Amino acid sequence: MMICTGLVFFMHLGFSFLEIGLTRQKNTINILFKNVFIICAGLLLYYIGGFNLMYPGFEGEQGFLKFAGFGIAPPNNGMTPAYAEGGYTWWTDFLFQGMFAATAATIVSGAVAERIKLSSFMLFTIFYVGLIYPVVGAWHWGQGFLAQWGFYDFAGSTIVHSVGGWAALVAVYLLGAREGKFTKEGKPQAIPGHNIPLAAAGVFILWLGWFGFNGGSVLSADPAKTSLTLVTTSLAAAAGGIGAFLLSSVLYKNQDITMFMNGILGGLVGITAGADLMSPNEAVIIGFVAGLLVVLGIALIDRLKLDDPVGAISVHLVNGIWGTLAVGIFGAQASGAQLLKQLIGVGIVGAFCVTSAFIILFSIKKALGLRVSKQEEIDGLDGHEHGMEAYPDFRLN
Amino acid sequence: MMICTGLVFFMHLGFSFLEIGLTRQKNTINILFKNVFIICAGLLLYYIGGFNLMYPGFEGEQGFLKFAGFGIAPPNNGMTPAYAEGGYTWWTDFLFQGMFAATAATIVSGAVAERIKLSSFMLFTIFYVGLIYPVVGAWHWGQGFLAQWGFYDFAGSTIVHSVGGWAALVAVYLLGAREGKFTKEGKPQAIPGHNIPLAAAGVFILWLGWFGFNGGSVLSADPAKTSLTLVTTSLAAAAGGIGAFLLSSVLYKNQDITMFMNGILGGLVGITAGADLMSPNEAVIIGFVAGLLVVLGIALIDRLKLDDPVGAISVHLVNGIWGTLAVGIFGAQASGAQLLKQLIGVGIVGAFCVTSAFIILFSIKKALGLRVSKQEEIDGLDGHEHGMEAYPDFRLN
Amino acid sequence: MMICTGLVFFMHLGFSFLEIGLTRQKNTINILFKNVFIICAGLLLYYIGGFNLMYPGFEGEQGFLKFAGFGIAPPNNGMTPAYAEGGYTWWTDFLFQGMFAATAATIVSGAVAERIKLSSFMLFTIFYVGLIYPVVGAWHWGQGFLAQWGFYDFAGSTIVHSVGGWAALVAVYLLGAREGKFTKEGKPQAIPGHNIPLAAAGVFILWLGWFGFNGGSVLSADPAKTSLTLVTTSLAAAAGGIGAFLLSSVLYKNQDITMFMNGILGGLVGITAGADLMSPNEAVIIGFVAGLLVVLGIALIDRLKLDDPVGAISVHLVNGIWGTLAVGIFGAQASGAQLLKQLIGVGIVGAFCVTSAFIILFSIKKALGLRVSKQEEIDGLDGHEHGMEAYPDFRLN
Amino acid sequence: MKKIEAIIRRSKYEAVKEALQAKGILFFSYWEVTGIGHEKKGHVYRGISYSTSDIERRCLSIIVNDEFEEAAIEAILEAAKTGEVGDGKIFVYEVKEAYRIRTGEKGGETLN
Amino acid sequence: MKKIEAIIRRSKYEAVKEALQAKGILFFSYWEVTGIGHEKKGHVYRGISYSTSDIERRCLSIIVNDEFEEAAIEAILEAAKTGEVGDGKIFVYEVKEAYRIRTGEKGGETLN
Amino acid sequence: MKKIEAIIRRSKYEAVKEALQAKGILFFSYWEVTGIGHEKKGHVYRGISYSTSDIERRCLSIIVNDEFEEAAIEAILEAAKTGEVGDGKIFVYEVKEAYRIRTGEKGGETLN
Ligand SMILES: Nc1ncnc2c1ncn2[C@@H]1O[C@H](COP(=O)(O)OP(=O)(O)O)[C@@H](O)[C@H]1O
Ligand SMILES: Nc1ncnc2c1ncn2[C@@H]1O[C@H](COP(=O)(O)OP(=O)(O)O)[C@@H](O)[C@H]1O
Ligand SMILES: Nc1ncnc2c1ncn2[C@@H]1O[C@H](COP(=O)(O)OP(=O)(O)O)[C@@H](O)[C@H]1O
């Protein structure tokens, strides 16, 4: 579990690499700054209140955790290693969940890159990670009504990825597209990123991190279940990559590595909800479909005149939904009834996230503005907000 | 074991970094693409058939695994954690071995970089990883004839590294050198890579990954053996680096970091066959010699007018052989008889790999061609095959 | 423990990335070379003598380890897994400590970057890592007089970080500032690094590595203590980052990512001495203060006309001291008496390190010179000492 | 033939390109330069504020036949202007001859 | 003295360099430029195909004494040619004076 | 007006800049070029020693009014000199006209 915590932490480097790799050089410092902020602030916020909000012993039981009971400080008795049936300690649990929490904001970060105001984004992070994410989490993982009711989401296709994805969708809508992303006639333009090797490294790191994400979500050291989870996770990732590669080769007649990479991520998100329920064959199918969905999703987002530089919506929202529904279609819990439950769960979480993200972002927009000035955007955010460059001394030979 | 699996997976990032770092910028996307493909396709192929091919319960025993018995899907009863004396599950075993499998193709990828056709390489990967590697693996790790007979190769100096290295040799021979690598008079020219820091990062990542590679190959959680293995692995790596550094300083009168790095890798490959048999002192000697061999090997390859951009043959083949033989010279099993066994084992595997790699590659050469056009090579593979660049938006300040 | 060893090893990549990222491109190969050398030489030196020097069973007891008893080769009976109360083997212990050892030199490496002679630095590393570090280590962790006496330093705020930091201070003083760092009037000038994204990646990797550094220093698999340690470590890192971010925003009116990053590292160093003693609240305070100290420290170093390109002194020395003292102020062992002990411990180690670093460096300066020629410095060390460039084939599109 | 060398803000490049195209000037080459001029830019790095007059700029080299000289200059003057210090400069030089490598032909027609 | 500015395909650089050397023109400077011309290059990025006329090129600046002008141009015209659109251009300018910094001398002999 | 194009060692840039400023020449543009000249640099890469005459240099483009020509050249000749092969070259060209984009004005006063 502690190792998994480390791996999930490391995913933040993966996200950072992916995001800076797929965006322009002039905004690199800004993106790094956002990501470093997210993990620091996310951990502290989760410590201050998020964890207790998320695992409150919801139904009025006298659980060992109850929000009002603690204020800021976690209980010292949580350190008893007997916590959680001996598998891990309260502390490990907190840290593992805390590393997750920040992920929701990281997803948004990618989608709004290259145009959002730093301060507005930091404010949004504080509210969304500090408040909305734990509330949704409590509904399911905190034994809230979704859990009671039979909704299944193993490691967070909905609870983590869709929560981030919905907010990304709202944010992208409210922000508008980057300068130059669409022509006056509305034709989407390519805005290539500046460092594809780092983006690829990001994908490798994320895949590794998912071992911790899904492996750790078993929340026990049961080797049978954990190892199955790792196998389904890896096979889905591989199948997702191959799926996206094949489809984009057919559609666009080139071997686009960024699609391949997004397909891998799509496969990972897709398997997340049911990683412990699927047979390997089913994992391959889920991953493969996820890879196709990523490619189609990216095209769809462009068609809708939304601008998502890194494909976050396609990867995290589209496949978050797909993965959640897949639990009702494939694997140990597949049934019409379960599919319906999954569908309703997706809908409730979606409605809540869209609404709350909209309220937060719209308020910030009114109060502070969401977007940097046009000049600042063209010049790059690094110069204006940070007075720095990403490669200040880079010289050619 | 599961952690080791993660580390071995992470080696693919290490290989990718090393390979792109030591090659030219204009082929970077192509190399990343190959490496992402290898891991995705490798895993799926190993899942489809490789694993069952490799661990077939060879000698007609009624093993728990038998190729014909399963078809595509692995047995669900393999999930019993009691599999393999309680150490790990069948699933973990599959995944760990699957991560290894792709390595054989990755080694080749480095040697043939900057001139091989993407489609031809993908085809080669499918056959070599899907068929040849598991067959050789079965001879030893699948309890096949090499194992029965007393050949010893702990974590794959021969079974993994030489298998890749022999194919690399054949491929390099069939492909020919890159444009500009040799003058008309046959003098080798330097073709420096484009990103040495990433290459160095690759070496660090590979060293870390070897902890998983060798540590996990203990195939049990026995702390005594595992920890000895890690110590011998690390000391051999360090000694390999120092050896290569010293020799190349003496020979070429400069401090070449790429030689230092290749020396570390050579030390790692060299210790792989006997990491669990050696005392630390012996590990230092083996590593040091490996470091020397890398430097000499690179000079030799150049002398032979073969073109291996990243030094894969020197690192993986030369030291794969050295490491395998070292088992007969040093350590717990050292004896003339063992040395002979090792030598014959090396020979058999070599003959098989060279033959099969030749057949596969020669067939592909006849059917599709192995090499991109001269124009494409000069322009860079990224533009032609991928229509992308590695750093499309990189700007100087 | 073995995993922690891997993570501590990985920190060397983190340090390398941080250091090359914050320095100029023309010295990149040189810095990589130093770092690769440090880890290789450090491990071998520690193997040859350092480990036995450090854990000698100091006070004449019949300990299981005694320097004179072994000569070069470690005892084969150390392999009994029962060593150290069953937690890990002698081998693991050696490797874990060996990975630490090199860290002391890495800290110095950052501070002296861009102007020190490669050979002089290698010589210094050999003496400092091979001799001074183990001697100091023996005083505390080897159950020497500091330990007997009640000085507390959990994972090395003093024993590792200050030991490196003091030497860095002496080295920076003896070397003098880089060309162009101070105007003739003594005003400090900015010399921006060349690759901030890599530097940021270095910080992420270091944070991950600290999980191993502090987590592994529990030296047992006790989940309660280990998990608390990870929580305090992470919270201090997060608070350190936020502290540095806030203070530097207020002081300098910009969002400087390098300060944010140094703040995180400061928080990590600060918590290291008492990671197992602090409550999370206290960890947040210690980290936050550490973050402030980093920013102030960097300004102070500049004021003193010392030139520390990566902020090593501020991060490792200032916060090494702060972290050590914090043990007397906060947490389970806080008391005036303890604070005094900590203070004296800091003083003794400081005096010893400053003296010995001075002797070593001053001797080298007299014998070989410490610094490259002015011309070489202006041209960059890569060209002169290595005849290589970091990005030889980098081209713009 | 004239060479029109325009040193402009990078952020104005798109606008200048469009303005030139609108005047029928379709071909040119450009590269990144650093300019030392009146403009200063504030930076802060690790607590040291400094202002540098080394500003990144883009240098356009446009070879035109004499009759296009005026149009080109007008287009650039208009499109590259923000009115703030640092808008850049245009320099005009005489060109002796021009060749198109593809065909080997020379003279003014090679410019279209 | 003349300045010969040749904007060529990067992939033809080696050939041009050799051709110049064969004519005894040994010294020059070069840098990377982006060229806007007739040539277009197709790209696909994340599902969006686009064709750009911003093509990477190499710009050679060769200062020669007048008697070498013709030889230099011939060498480049020949070596840089593929016959496909986008082979590039050569421009020739008058140079007023040349100095060698090492010696301080000026005039045509500084070019060798 | 004259264009003074100086191709110098990168390591001499700061010195040249200061020398120019001392003469009242405050404005110019520069970029990195690769120079092929007498100087050779030895490299070793993976056991292959090679010496390349492709040396990194910095190219300064300084447009000055005629009365500053001499001062500029003197300043550069002095500050950029090491006396070793490879110090670089200065080339001087005629400039027909100069414009300041910010104001639209033209002529010699745009250079200050
Ligand atoms: N005399 C000159 N020679 C060459 N380039 C110049 C000269 N003067 C200005 N430039 C270029 O023009 C740019 C803008 O000039 P600057 O003085 O900052 O603004 P403005 O033209 O608005 O007064 C400079 O950064 C530099 O690149
Ligand atoms: N008028 C011009 N001014 C400056 N550079 C030009 C001009 N015309 C062409 N070039 C350069 O020459 C390159 C090749 O020109 P292009 O029109 O594509 O091919 P071709 O010369 O074969 O018709 C362009 O990319 C550009 O760099
Ligand atoms: N004829 C030329 N045309 C353009 N650039 C030149 C020419 N001759 C020299 N250079 C530039 O000047 C630099 C220095 O020249 P080099 O011959 O090495 O030294 P030196 O001038 O001391 O003899 C070269 O690297 C090149 O950039």
Side-chain angles (χ1 to χ4, degrees), chain A residues 3 7 23-26 190-201 203-205 207-208 211-212 215 222-232 234-235 237-242 245 252-258 260-261 263-264 267 279-281 284 389-396, chain B residues 1-3 5-7 9-10 12-14 16-17 20-21 28-33 35-37 39-44 47 72-74 76 79-81 83 86-95 98-99 118 195 198 201 205 382 385-397:
Chain A
I3 301 143
L7 292 179
T23 51
R24 284 166 295 177
Q25 181 181 347
K26 62 185 179 182
I191 303 183
H194 86 283
N195 202 330
I196 308 295
L198 282 197
V203 171
F204 276 103
I205 292 172
W207 188 337
L208 178 69
F211 279 25
D222 173 9
K225 214 172 163 193
T226 311
S227 61
L228 171 62
T229 301
L230 296 187
V231 169
T232 54
S234 291
L235 288 176
I242 298 288
F245 154 48
Y252 307 121
K253 316 252 166 309
N254 84 328
Q255 329 296 323
D256 188 330
I257 180 116
T258 67
F260 206 147
M261 285 158 25
I264 290 174
S279 75
N281 280 342
V284 170
E389 285 140 4
Y391 309 91
D393 181 65
F394 215 94
R395 299 263 163 259
L396 293 193
Chain B
M1 264 308 275
M2 294 185 219
I3 301 144
T5 306
L7 292 178
F9 165 74
F10 207 44
H12 289 277
L13 176 58
S16 303
F17 269 1
I20 62 172
T28 302
I29 295 288
N30 184 259
I31 290 169
L32 287 172
F33 202 94
N35 279 291
V36 174
F37 176 80
I39 178 70
C40 287
L43 265 181
L44 291 176
Y47 170 64
I72 300 182
N76 280 326
M79 250 177 80
T80 49
Y83 170 84
Y88 48 94
T89 67
W90 193 90
W91 292 112
T92 307
D93 198 14
F94 156 70
L95 203 59
M99 296 299 179
L118 183 61
N195 203 328
L198 281 197
I205 292 171
D382 292 0
E385 303 223 37
H386 306 277
M388 297 184 86
E389 285 139 5
Y391 309 91
D393 181 65
F394 215 95
R395 299 263 164 258
L396 294 192
N397 307 116

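Source: prediction; values computed, not measured. All values below were derived from every heavy atom in this structure, side-chain atoms included, with hydrogens, water molecules and symmetry-related copies excluded.
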Between [options], which residue shows the highest count of heavy-atom pairs closer than 4.5 Å to chain B?
options	result
A:Val284, A:Thr258, A:Leu230	A:Leu230
A:Asn254, A:Asn195, A:Ile205	A:Asn195
A:Ala201, A:Ala199, A:Gly267, A:Gly240	A:Ala201

Does the side chain of [Y] come within less than 4.5 Å of [X]'s, by heavy atoms?
X	Y	answer
B:Phe37	A:Ile242	yes
A:Ile257	B:His386	no
B:Ile39	A:Trp207	yes
A:Ser234	B:Phe9	no

Side chain, backbone, both or neither of [X] within contact of chain A (heavy atoms, under 4.5 Å):
X	answer
B:Ile31	neither
B:Leu43	both
B:Ile20	side chain

Query raised in the report: A:Ile3 versus chain B, heavy atoms under 4.5 Å apart: side chain, backbone, both or neither?
Result: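 The side chain, not the backbone.
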**Report entry** Residue part contacting chain B, namely of A:Ile264, when any heavy atom lies under 4.5 Å
**Finding:**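 Just the side chain, heavy atoms under 4.5 Å.
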Report task. Could you tell me which of B:Leu95, B:Asn35, B:Thr5 has the largest number of non-hydrogen atom pairs under 4.5 Å with chain A? Result ->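 Of the options given, most contacts go to B:Leu95.
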Requested in this report: Please round to the nearest 0.5 Å and tell me the distance separating atom OH of B:Tyr391 and atom OH of A:Tyr391.
Outcome: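 If we round to the nearest 0.5 Å, B:Tyr391:OH and A:Tyr391:OH are 8.5 Å apart.
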Please give me the minimum heavy-atom distance between [X] and [Y], naming the atom from each residue.
X	Y	value
A:Ala237	B:Cys40	O-SG, 4.4 Å
A:Gln255	B:Glu385	CG-O, 3.3 Å
B:Leu32	A:Pro197	CD1-CA, 3.6 Å
A:His194	B:Asp393	CB-CB, 3.7 Å

Query raised in the report: Can we call the ring centroids of B:Phe33 and A:Phe260 under 6.0 Å apart?
Result: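 Yes: the rings meet the under 6.0 Å criterion.
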Requested in this report: Walk me through it: do A:Ile196 and B:Thr28 pass the test side-chain contact (heavy atoms from CB on, under 4.5 Å)?
Outcome: CA-CA 9 Å; A:Ile196 308 295; B:Thr28 302; over 6 Å; no
Report task. Please answer whether the main-chain N or O of A:Asn281 pairs with a side-chain N or O of B:Tyr47 as donor and acceptor at a distance below 3.5 Å. Result ->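 Checked: pair present.
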